[in-house]
Amino acid sequence: MKSILKHPSIRSAARRAHRTSCNTRFVNTLHQPGDPRVAARRADAPFRLAIIGSGPSGFYTAYRVQSKLPTARIDMYEALPVPFGLVRFGVAPDHPEVKFCINKFDEVARHPNFKYIGNTPIGSTSLPFSSLLPNYNAILLSYGASKDKTLKLPGESTLLGIHSARAFVGWYNGLPEHRDLNPNLEGNDGKAVVIGQGNVALDVARILLTGVDGLRKTDITEYALEALSRSKIKEVEVVGRRGPLQAAFTIKEVRELMTLPSVGFEPVPPSVIPQDTSTLPRAKRRLMDTINKGTKSYPLEKNWKLSFFNSPTAFLSSPSNPDQLSHIRFEKTAPVEGTNGDKVVGTGEHKDVYASLAFRSIGYKSEPISGMVEAGIPFDEKNGVVCNALGRVARPTPEGDIQVPGMYTTGWVRRGPTGVIASTMMDAFDAGDNIVNDWLGGVEFLGKEGDVRMGWEAVKREHSRIGLKAVHWSDWDKIDKAEKERGMKLGKEREKFGTEEEMMAIV
Amino acid sequence: MPPPRGSSIFRNLQSRCSNRLFYAADSILPPCTRPTPTRTPVHPGAYNRTFATRTLRPLPSSIYLRQFTTTSYLSHGHLTPPKPGEELKVTFVTKEGNEFTFEVAEGDNLLDIGQAHDLEMEGACGGSCACSTCHVIVEDQEMYDLLEEPDDDENDMLDLAFGLTETSRLGCQVKMKKDIDGLKVKLPAMTRNLQASDFK
């Protein structure tokens with residue numbers, strides 16, 4: 001990686017920062033507001049915050065900072081022309097109520113001290129991270145988790161018919177990166193396997209099993225609707241390495257699948273799932289009861305099942321069609337005693353599941369932005385998160401955590417890719433509180449005390465050199481309006497533009 | 001006497017004013033006219049903590065519309081003013097322990113009431129029972145038992161609520177009725193700062 005800062009001491013600090021795993025303990029050794037060693041700042045002292053990423057975590061933090069410190073000037077950078085991150089590209093199209101939070105974000109974006117800068121990736125290929133440093137008092141890293149974890153199994157990257165759930169979700173939600181995924185849903189076996197048992201896995205299963213008529217009025221992309229209308233998928237198996245108590249999906253998503261018309265659920269064998277649930281904590285108890293209750297009848301026209309204690313070992317093809325997935329080999333697992341089922345080991349017993357379509361849904365991971373580590377931000381490669389103590393970027397040392405001045409993080413890049421909007425909101429409010437309390441409390445931020453930071457006013461000069469047109473909120477309004485108009489013609493909420501070129505053509 | 005700089009009143013004023021500027025851009029409202037001294041008491045932050053409990057009558061609906069509604073889909077504050085003699089009392093206890101009592105009409109839900117009075121209460125899904133951000137805790141078990149049972153959808157969301165209790169409900173699903181006049185609910189903290197679960 002090219003080092004921006006040449007000084008040897010900085011380089012060694014960067015090396016230390018780029019550690020594989022930072023065991024940041026949630027112990028705060030930073031200056032607390034009211035610490036007699038620091039002088040408090042006035043509420044009207046000019047404050048400039050850069051937010052990287054326009055998903056829910058970034059917007060909710062902006063909202064919190066605006067409500068606590070209305071004079072704060074916030075610039076939000078987004079790699080794509082369009083805002084809202086996973087609310088737009090992750091939340092399933094048949095969950096429009098979950099997307100309601102964009103109304104709040106829209107309100108935040110129209111605050112006079114807020115600037116949206118879309119179509120501007122931060123990093124080596126576009127606007128260097130280092131160009132933000134001299135122009136802001138603080139930087140919030142809320143760019144989420146843009147990569148997905150891989151199984152690293154034979155055949156995974158070579159055979160046709162294996163997709164990442166992230167790509168599939170991005171495809172039906174209109175994420176430009178996956179516009180051309182074109183999954184083949186017309187295999188004659190009519191079966192799909194989803195590996196992983198989180199809510200994304202259940203979203204994939206639900207989209208495959210819901211008839212297209214149930215999706216027509218949603219904001220699912222037309223090309224996805226068209227492909228789904230030709231789908232032959234009749235059976236979806238959602239496979240987990242561990243048991244039902246360890247599954248990450250939540251009850252709402254399970255219940256939705258149990259109530260889909262003409263979709264049956266294959267009962268889970270009683271040996272695998274607790275039958276007496278009365279001693280379980282509330283959420284687990286209700287989840288197990290819902291799975292045990294299943295659907296009224298089975299089998300029906302289309303069916304799904306949950307398989308537990310199966311770990312994939314290889315993706316295989318048949319000799320007649322060596323490029324196409326034909327079956328997946330699983331090894332049965334068993335819980336390790338004393339771990340409450342959190343850990344499992346292989347039993348050596350294998351079975352093959354035949355399916356021409358498979359989705360890998362084992363989680364997302366974050367990556368450091370190019371130039372970030374050189375700026376002294378420690379990144380935990382193992383867990384794929386920025387090292388932090390409750391959202392303050394912090395370098396763990398034997399003496400305790402040391403805050404990296406002016407650097408904050410929230411959302412999935414802070415805590416890993418889990419949680420619903422409510423947890424992201426809480427996390428973002430924590431980050432917002434920390435930023436404002438640290439600022440007013442006189443904690444060290446970027447640059448010298450009293451420096452005037454110019455924010456976007458200064459960054460845009462550098463931006464003009466990279467040859468990308470910045471998209472502002474008024475431009476997004478145009479895209480939004482155009483998408484809604486396209487949708488109206490089709491009798492739906494909106495029809496998203498599937499490519500960045502189409503979006504930019506409106507601007 | 002003007003409030004001291006940095007006090008909660010001052011912050012609220014600032015916040016109002018900046019909101020006002022943006023609202024003013026596409027409406028006929030003059031910029032930054034709120035709040036006037038007579039209206040400030042609807043702000044929880046405007047209370048002195050020593051006056052913990054007060055009863056407030058909601059403002060006439062015309063003021064609500066001006067104050068809380070920008071466009072129809074952005075608003076939550078669809079409160080109807082109660083008919084004289086039919087006011088129902090509901091008390092919110094903030095996470096700081098301050099109590100605010102409002103007189104409301106039958107049928108209003110707790111999320112709308114809380115947001116109309118600028119309490120720190122979020123409704124990320126717009127009150128459609130699809131998130132857990134409007135989680136409230138009913139203080140009194142007997143009062144909790146008087147409420148209609150939460151349905152599966154609400155329970156599914158409560159399962160994900162932070163700090164769930166035996167008497168937790170979603171504010172958007174609890175509608176005011178005569179038999180729960182005097183209902184008192186606690187608002188859980190919206191952040192996890194310094195909570196034990198983070199020190200692992």
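Naming convention: chains lettered A, B, ... in sequence-line order (proteins, then strands); numbering from 1 in each chain.
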Comparing B/L160, B/D156, B/T133 against chain A, the one with the most heavy-atom pairs below 4.5 Å turns out to be B/D156
Which residues pass the ring pair (Phe, Tyr, Trp, His ring centres under 6.0 Å) test with B/F92, sequence neighbours left out?
B/F102
More than 12 heavy atoms of other residues, nucleotides or ligands under 6.0 Å from NZ of B/K177: is that the case?
yes
Taking B/D153, B/D152, B/L158 one by one, which has the highest count of heavy-atom pairs under 4.5 Å against chain A?
B/D152
Please check this pair: side chain of A/Q246 against backbone of A/N340, looking for a donor-acceptor N/O pair closer than 3.5 Å.
yes
Below 4.5 Å, heavy-atom pairs only: which of A/R64, A/E97, A/M425, A/R282 has the largest tally toward chain B?
A/R282
Rounded to the nearest 0.5 Å, what separation is found between the CD1 atom of A/I251 and the CG atom of B/N155?
8.0 Å
Is a side-chain donor or acceptor of B/D112 paired with a backbone partner of B/L79 at a separation under 3.5 angstrom?
no
Against chain B, label A/F105 side chain, backbone, both or neither, depending on which of its atoms sit under 4.5 Å from a heavy atom there.
neither
Report, in residue-number order, which members of residues 163-174 of chain B are under 4.5 Å from chain A by heavy-atom distance.
B/L164
Taking 4.0 angstrom as the limit, do A/R110 and A/D106 come out as a salt bridge?
yes
Tell me whether B/Q141 at atom CD has more than 12 heavy atoms from other residues, nucleotides or ligands lying less than 6.0 Å away.
yes
A/K481 atom NZ, over 12 foreign heavy atoms within 6.0 Å:
no
